[in-house]
Amino acid sequence: MTNSPPHLYYACMSKYPFNTIEQKWQNFWEENKTFSVKEDPSIPENKRRYVLDMFPYPSGAGLHVGHPEGYTATDIYCRYLRMNGYNVLHPMGFDSFGLPAENYAIQTGTHPLVTTEKNIEHFRKQIKSLGFCYDWDREISTHTKEYYRWTQWIFLQLYKMGLAYESETPINWCPDCKTGLANEEVKDGSCDRCGTKVTRKSIRQWILGITKYADRLLEDLDTLDWTESIKAQQRNWIGRSEGADVIFQIENNKGEIPVYTTRPDTLFGATYMVLSPEHALVDTITTPEQRNTVAAYIESAAKKSDLERTDLAKEKTGVFSGSYAINPVNNSRIPIWIADYVLISYGSGAIMAVPAHDERDWEFAVTFQLPIIPVLEGGDITQEAYTGDGNHINSGFLNDLNKEDAISTMIDWLEKKKLGKKAVNYKLRDWIFSRQRYWGEPIPLVHCASCGTVPVPEEELPLELPDVASYTPSGTGESPLATIPEWVNTSCPVCGGKARRETNTMPQWAGSCWYFIRYLDPENTESFADPEKINYWMPVDLYVGGAEHAVLHLLYARFWHKVLFDLGFVNTKEPFQRLINQGMITSFAYQRKDKSLVSTDLVEETSPDVFIEKATGLQLERVIAKMSKSLKNVINPDDIIHSFGADSMRMYEMFMGPLQVSKPWSTSGLSGVHRFLDRVWRLASERTIEDKEAPEPLMKLLHKTIKKVSLDTEALEFNTAIAQMMIFINELYKADTLYSEVWEPFILLLAPYAPHLTEEIWENLGKKPSIADHAWPQWNEEMTKEDVVLVVFQVNGKVRAKVEIPAGLDLEALKEQAFANERIQEWTVGAGKTIVKVIAVPDKLVNIVVK
RNA sequence: GCCGGCGUGGUGAAAUUGGUAGACACGAUAGACUCAAAAUCUAUUGGGGGUAACUCUGUAUCGGUUCAAGUCCGAUCGCCGGUACCA
């Protein structure tokens with residue numbers, strides 16, 4: 001029960017020799033290429049499966065217990081599919097470009113290539129020690145030039161389609177990582193990777209036009225078998241809204257201001273306008289009297305971080321520009337204000353303000369005493385903005401219409417008068433793609449004074465990452481590559497004149513946008529993958545990984561895939577048909593009364609479930625927390641494998657609970673699973689195996705077990721499949737004889753779960769390895785049915801008797817049984833009750849309703 | 001605030017279409033084996049009452065639908081994840 005510190009595991013020694021067994025079979029699989037897979041055309045399409053794990057970033061910390069969770073789930077599923085005659089593609093690789101290796105290089109002077117390859121070695125060894133059925137011949141790493149050659153090639157396709165463009169507008173900048181970040185990499189105003197507060201910085205950068213695909217990224221979500229939560233996150237992130245662009249004329253012919261609104265029906269209630277401080281027209285509309293005030297406001301707004309301008313801002317601020325605009329529906333003169341609650345990055349950076357029906361405008365209007373005119377009935381606009389539906393008032397031709405009708409009527413009117421038009425907007429921004437760092441794919445472009453930006457010819461790819469003396473980013477917005485003149489200075493591929501290479505690199509997400517395609521054809525030097533192989537395997541049938549990539553990797557990869565689809569290079573609109581997110585493996589932690597947490601090594605369990613802080617003697621509450629070094633509750637997979645074996649580790653992670661939910665690690669729970677495997681081993685080694693017929697009850701249990709394990713494995717419900725196998729073993733334990741006709745099928749059922757142990761037992765039975773190539777056992781439906789069933793008799797819905805009766809008894813006979821039952825009689829006629837109604841469900845129950 | 005998910009024993013969790021709540025496992029208690037311990041095996045184990053047969057009660061809270069609700073519907077509370085002046 002206690003979450004013992006790691007050194008205590010070793011005390012729990014097992015009897016079955018998992019260390020030697022596991023090493024032996026891992027060697028066997030490797031030498032025999034048991035899990036190598038080919039595109040066999042004779043296997044029909046419905047018998048091909050592509051099962052993919054999110055590949056890891058090979059960090060210096062090594063494998064975390066969270067990794068094997070998803071990997072074990074797909075491993076069991078793949079082994080199950082193979083045994084059922086499927087041709088299964090199940091590869092593994094490494095997402096090996098990225099900042100940690102580079103930061104380590106800065107600290108130590110070691111080349112990122114050296115540490116990365118060392119980490120990959122370590123990860124590969126750790127992953128192999130769990131006995132997964134990957135086809136290691138297909139392993140890829142995104143940092144190798146053979147791989148990034150094609151990442152660069154895809155970038156050039158994007159460039160040629162006009163989807164990659166250069167820009168110099170303010171972007172998110174992490175002062176610690178010294179690089180620009182995409183919107184998706186900013187969480188709560190901080191860098192997703194290092195937690196440093198993000199600032200704004202204006203630098204030249206490469207941007208990918210993901211917004212051109214916004215509609216398709218949104219629509220095609222409906223075709224995917226993903227969890228609602230991830231789809232919802234992507235929908236929210238794309239943030240599509242429908243409304244209208246409306247043009248407001250500035251008084252005295254100073255120009256016009258287009259605004260975007262989702263509520264064109266409230267146009268009669270627009271009593272002022274607001275421009276974002278960064279809006280291009282601010283200068284034009286500011287009157288001489290207001291110039292100083294406006295300039296001061298813009299300066300103060302510019303100093304604020306995004307976080308201060310949005311999250312932290314409770315009070316609305318702003319200044320009057322001095323100018324007025326004309327409301328196009330009623331020609332009323334409305335003031336134009338400058339306020340930072342309007343963002344330059346959304347819509348046109350300017351709004352019409354309808355304080356009666358918009359919370360933000362209401363707050364602003366109240367603060368600055370601007371008029372609030374209701375145009376919909378309902379609510380109390382003296383207290384708050386009313387955003388609900390209602391009949392329109394004070395709205396000319398919209399009066400008496402509801403919200404929906406008024407919106408369409410107004411849009412028609414605007415379009416007819418050429419004052420505006422229907423419009424769609426997105427929260428999604430284009431993808432800021434360049435990084436001012438070293439350890440990433442060089443962007444294969446050349447800047448020529450006469451030809452402009454020119455792509456590196458495809459046949460010259462890969463454009464190799466050069467060696468640098470110092471990895472430290474300049475911080476000025478240039479990558480360390482800029483410091484190598486012999487690399488930067490080149491000739492223009494078009495005119496042959498002097499030119500400079502692009503010095504930015506790609507973000508870590510680039511490599512993971514298409515790695516699942518490279519697995520199909522990892523050695524190909526002619527193309528990124530052979531179309532025939534793509535046709536054979538794609539799309540990915542099942543993709544398992546963490547939910548933290550909901551709007552990063554999963555959105556970017558979908559975008560690239562759609563581009564490749566449009567170019568005819570891939571055969572599907574979507575890369576990942578089905579997605580499952582494994583839950584996080586958490587750990588227990590101990591909490592004081594004041595909610596502060598105590599490191600696990602400072603806690604003692606004095607009696608069951610009583611936890612005491614050693615230093616103070618105060619009782620602590622056990623809570624669930626993320627594993628963290630500071631709490632000393634991190635579980636290291638290597639320790640677990642060493643003390644309990646990979647099979648125990650695999651099975652425990654599956655037995656903990658449903659794959660999709662997060663659950664706390666418990667080492668005593670692990671030992672329960674280990675005990676089960678040990679019992680299997682002891683049955684195999686201690687009992688005599690008989691070829692004679694097994695008793696019928698055992699055969700029935702076997703068939704029920706085959707059915708349950710098959711259906712649950714298919715549905716990825718591994719915890720209940722394991723429970724059924726435990727029931728089966730508990731039953732086998734009761735007899736001295738082990739019948740081969742029940743034992744052998746059981747070992748096959750267990751094989752995907754505990755592959756090493758079952759290979760060994762299988763071989764000891766005199767069978768030919770590998771058990772992974774053996775056919776999955778089939779159940780006989782007749783044998784899963786019981787002859788006698790337990791039926792309950794209820795009176796008024798309360799169980800009053802339980803009886804065993806022959807299965808399939810007809811309803812009348814069933815009712816008769818109930819009435820004849822002594823206990824039922826006591827509760828019905830015996831108690832002087834009148835029978836009102838009788839409900840009978842075959843093989844289940846009889847419910848007698850009495851008064 | 002908004003979106004998504006979840007609330008079941010001491011603990012991790014089970015429970016087809018609504019039909020025996022708590023399978024399986026951990027922990028605990030007792031017993032067997034042992035000089036003893038560990039390991040192993042067996043039994044019991046939601047809570048209350050009763051010598052017992054049995055009985056009352058129980059799936060976050062309150063209410064509803066139903067012969068029957070962990071499951072369906074409504075409201076409330078709590079937890080987790082995401083997101084937030086997006087006009």
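Letters go in sequence order (proteins before strands), and every chain restarts at 1. Any value given below was found using the heavy atoms of this structure, including those in side chains, with hydrogens, waters and symmetry copies removed.
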**Q** Starting at atom CZ of A:Arg679, determine the distance to atom C1' of B:rA39, rounded to an integer number of angstrom.
**A** 13 Å
**Q** Can you tell me the distance, in whole Å, between the CD atom of A:Gln582 and the C1' atom of B:rG81?
**A** 15 Å
**Q** Centres of the A:Phe18 and A:His674 rings: under 6.0 Å?
**A** yes
**Q** Apply ring pair (Phe, Tyr, Trp, His ring centres under 6.0 Å) to A:Trp362 and A:Tyr386, showing your working.
**A** CA-CA 9 Å; A:Trp362 188 89; A:Tyr386 177 67; over 10 Å; no
**Q** Grab the CG-P distance between A:Asn719 and B:rA23 for me, whole Å please.
**A** 15 Å
**Q** Could you give the CG-to-P distance, from A:Asp358 to B:rC86, as a whole number of Å?
**A** 8 Å
**Q** Which whole-number value in Å describes the distance from A:Tyr341 OH to B:rC85 P?
**A** 14 Å
**Q** Return yes if a side-chain donor-acceptor contact under 3.5 Å exists between A:Asp712 and A:Thr720, otherwise no.
**A** yes
**Q** Could you tell me how far apart A:Ile722 (CD1) and B:rC26 (P) are, to the nearest whole angstrom?
**A** 13 Å
**Q** Syn versus anti for B:rG9, judged by chi lying within 90° of 0?
**A** syn
**Q** Please give, in whole Å, the distance from B:rU20 C1' to A:Leu845 CG?
**A** 8 Å
**Q** Within this structure, what is the NZ-to-P distance between A:Lys663 and B:rU11, rounded to whole angstrom?
**A** 19 Å
